Structures are given as C-alpha cells and as structure tokens.
Amino acid sequence: MSTGPIDHDHLTEVSERFFAARPPRTAAEQVAYRALESEMIAAMGLTREEFARMSADYLTARLRRDVHRRAS
C-alpha cells in the first residue's frame with residue numbers, strides 16, 4: 001500500500017462528501033463523482049489500483065457475510 005502522507009482533517013472532509021454523494025445519473029454527475037473519487041483516493045494516500053483492490057476486497061467480504069447471514 002502507498003505510504004503517502006495523510007491529512008486526516010482533509011480526509012474526513014472528503015470522505016463525508018464522498019459517502020453523502022448520490023449515485024451519479026447524468027454524464028455531468030458522473031464526471032463530478034469521478035473527480036470526488038479521485039480526491040478521496042488521493043486523501044487516503046492510495047493509488048487508483050490500490051483503491052480498486054481495496055473496494056473489491058470489501059465488496060467480496062460483504063457478499064460473503066450476507067450469504068452466511070442468509071444461510072443461518
């Protein structure tokens with residue numbers, strides 16, 4: 001994982017905007033969301049590849065958890 005410096009105040013501000021954002025519907029919203037995502041990735045000190053891998057790992061773990069809950 002990258003070890004870039006992290007400004008925690010900035011990361012908090014960006015993550016609040018990122019997680020509050022609605023799913024993009026229009027082309028303009030998709031461009032704005034992509035820019036916000038890039039800002040989030042930079043604030044986390046990650047590369048886009050690291051972020052994608054981390055997101056995929058999270059989604060896989062969440063899917064497994066949901067499957068196990070349904071099976072119980």
Side-chain angles (χ1 to χ4, degrees):
M1 207 181 274
S2 295
T3 58
I6 297 175
D7 176 345
H8 292 280
D9 291 334
H10 180 66
L11 177 56
T12 298
E13 184 266 323
V14 173
S15 66
E16 286 173 355
R17 288 188 289 126
F18 181 78
F19 290 112
R22 302 180 322 175
R25 294 191 175 112
T26 66
E29 288 176 344
Q30 289 174 359
V31 169
Y33 183 82
R34 187 79 169 170
L36 181 56
E37 183 180 64
S38 293
E39 189 178 355
M40 177 73 169
I41 292 167
M44 293 173 74
L46 300 173
T47 65
R48 182 161 289 284
E49 292 77 25
E50 290 168 331
F51 183 78
R53 187 173 55 248
M54 185 178 73
S55 297
D57 290 347
Y58 169 77
L59 291 174
T60 300
R62 186 173 174 190
L63 178 61
R64 285 183 181 147
R65 183 192 71 219
D66 291 347
V67 167
H68 288 302
R69 281 186 181 167
R70 290 181 190 149
S72 298

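This structure is a prediction, so every number in the text was calculated from the model and none was measured. Count residues from 1 along the sequence.
Leu46 places none of its side-chain heavy atoms less than 4.5 Å from the side chain of Met40. In this structure, the side chains of Gln30 and Arg25 stay at 4.5 Å or more apart for every pair of heavy atoms. Residues Met44 and Glu50 have side chains not in contact (no heavy-atom distance under 4.5 Å, counting atoms from C-beta outward). In this structure, the side chains of Arg53 and Asp57 come closer than 4.5 Å at one or more pairs of heavy atoms.
Across Ala43 and Leu11, no two heavy atoms sit closer than the pair CB-CD1, 3.8 Å.
Note: the hydrophobic cluster containing Phe19 also contains Val14 (ILVMFWY, side chain heavy atoms under 4.5 Å, direct or indirect links). Residues Met54 and Leu36 fall within the same hydrophobic cluster, defined by Ile, Leu, Val, Met, Phe, Trp and Tyr side chains chained together at heavy-atom separations under 4.5 Å.
Looking at Glu13 and Arg17, a side-chain N of the basic residue comes within less than 4.0 Å of a carboxylate O on the acidic one, giving a salt bridge.
Atom OG of Ser55 and atom CD of Glu37 lie 7.5 Å apart (nearest 0.5 Å). A distance of 9.0 Å separates CD in Glu49 from CD1 in Ile41, rounded to the nearest 0.5 Å.
Under a cut-off of 6.0 angstrom, the local environment of CZ in Arg65 is crowded, with over 12 non-hydrogen atoms contributed by other residues, nucleotides or ligands.
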